[in-house]
Amino acid sequence: MKSMNELLAADSSHKEWVPLMELATREVFEMMLGCKLAAQPEIAVDGSFDITGMVGLAGQMCGVLTVRCTAKSAVLMASKMLGTEPAAGSQDVLDALGEICNMVAGNFKNKVAGMGDGCMLSVPTVITGNDYSLHSLADSGALEVNLLFESMPIAITLQIHS
Amino acid sequence: MNSIRALIIDDSSVMRKIVERSLRQAGIELTQVFEAGNGAEALGVLKENQVDLILCDINMPVMDGLEFIKQLPGVANAKDVPVVMITTEGSETHVVQALSCGARGYIRKPFTPEQVREQVMPVLGGKP
């Protein structure tokens with residue numbers, strides 16, 4: 001029987017995880033924000049996102065999961081979570097996106113067989129602005145899911161280090 | 001069931017508000033809600049206040065949820081208060097660990113008000 005590390009090494013692209021990422025994301029939005037995400041016909045241009053939530057994964061799966069969206073989307077997400085409309089850039093908006101990212105990462109890893117116990121999550125980090133480059137130690141291609149939240153694009157990306 | 005006093009422990013203020021709203025949506029009447037950002041803060045709240053239910057995250061800075069429930073028996077007016085964990089850590093090992101530390105219920109994030117009701121009502125002596 002192969003160990004989890006051997007299984008990870010056997011297929012470093014992990015494309016089979018993309019549907020799990022999408023399902024994990026859809027569940028978080030449906031259960032915590034009360035809204036369904038739609039499929040996005042075109043991949044959004046990176047520069048259109050100006051807020052990023054990040055959660056690190058360590059253990060049997062190492063990497064970074066990010067949720068990127070526009071500031072307008074982030075305010076709407078926070079509004080749906082809180083039931084009130086927070087100010088753009090307020091702590092509530094940053095906190096809400098960080099929690100969404102945390103829940104997507106946690107829900108995703110719990111769907112990957114054997115990862116629930118073997119993978120830990122970091123505290124979420126939120127970056128505002130889009131003039132930055134993310135250089136993780138990931139050594140396999142990023143997995144990305146693009147969806148529409150209330151007709152606005154969001155991107156969920158997982159960069160994995162084998 | 002009478003209305004209750006709840007303590008919600010989570011390092012995210014947004015999540016604390018969501019948990020409170022979910023309790024209300026689950027049909028649980030709240031007379032008073034206390035909040036804490038970690039286990040150490042929560043112990044301080046419990047020394048000054050009486051509550052009927054504690055909902056607690058696991059991964060938090062300063063003092064995590066498992067350490068908090070280990071220390072709970074040392075707080076005179078809180079040692080018998082039921083604790084329900086609410087966390088993204090959803091593996092069986094985490095559930096067993098939390099229950100063996102004294103938690104009475106376990107809710108995985110993301111969650112619905114119905115799932116909150118299913119876990120919370122039995123520990124309050126009601127039907128899920």
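Numbers restart at 1 for each chain; the letters A, B, ... are given by sequence-line order, proteins then strands. These numbers come from the heavy atoms of this one structure, side chains and all, not from hydrogens, waters or symmetry mates.
Atom CD of B:E92 sits about 10.0 Å away from atom CG of A:N110, to the nearest 0.5 Å. Between the CG atom in B:N59 and the CE atom in A:M120 there is a gap of 9.5 Å [rounded to 0.5 Å]. Here the CD-CE distance, from A:E99 to B:M15, works out to 4.0 Å after rounding to the nearest 0.5 Å.
Considering only heavy atoms from C-beta on, B:P110 comes within 4.5 Å of A:N107 through its side chain.
B:Y106 and B:I8 are members of different hydrophobic clusters when ILVMFWY side chains are connected at heavy-atom separations under 4.5 Å. Under the 4.5 Å side-chain contact rule for hydrophobic residues, B:V51 and B:L124 do not share a cluster. A continuous path of hydrophobic side-chain contacts links A:L97 to A:L57 [ILVMFWY only; heavy atoms under 4.5 Å]. Cluster annotation: B:I9 is not connected to B:V33 through the hydrophobic network of ILVMFWY side chains, with a link wherever side-chain heavy atoms come within less than 4.5 Å. Residue B:L30 is grouped with residue B:F111 when hydrophobic side chains (ILVMFWY) are merged at heavy-atom distances under 4.5 angstrom, including chains of intermediate members.
Against chain A, the residues from residues 18-26 of chain B that qualify, each with a non-hydrogen atom under 4.5 angstrom away, are B:I18, B:R21 in number order. Of residues 93-103 of chain B, those residues with a non-hydrogen atom less than 4.5 Å from any non-hydrogen atom of chain A are, in numerical order, B:T93, B:H94. Residues of residues 22-34 of chain A having a heavy atom under 4.5 Å from any heavy atom of chain B, listed by number: A:E27, A:V28, A:M31, A:M32. Applying a 4.5 Å heavy-atom cutoff, the residues of residues 73-83 of chain A that approach chain B are A:K80, A:M81, A:L82, A:G83.
At a 4.5 Å heavy-atom cutoff, the contact between A:L121 and chain B is made by backbone and side-chain atoms alike. Heavy-atom distances place both the backbone and the side chain of A:D95 under 4.5 Å from chain B.
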* To do: Decide yes or no on side chain to side chain contact (heavy atoms under 4.5 Å, CB included) for A:D92 and B:K17, but give the supporting numbers first.
  => CA-CA 11 Å; A:D92 277 348; B:K17 288 169 190 162; 3.6 Å; yes
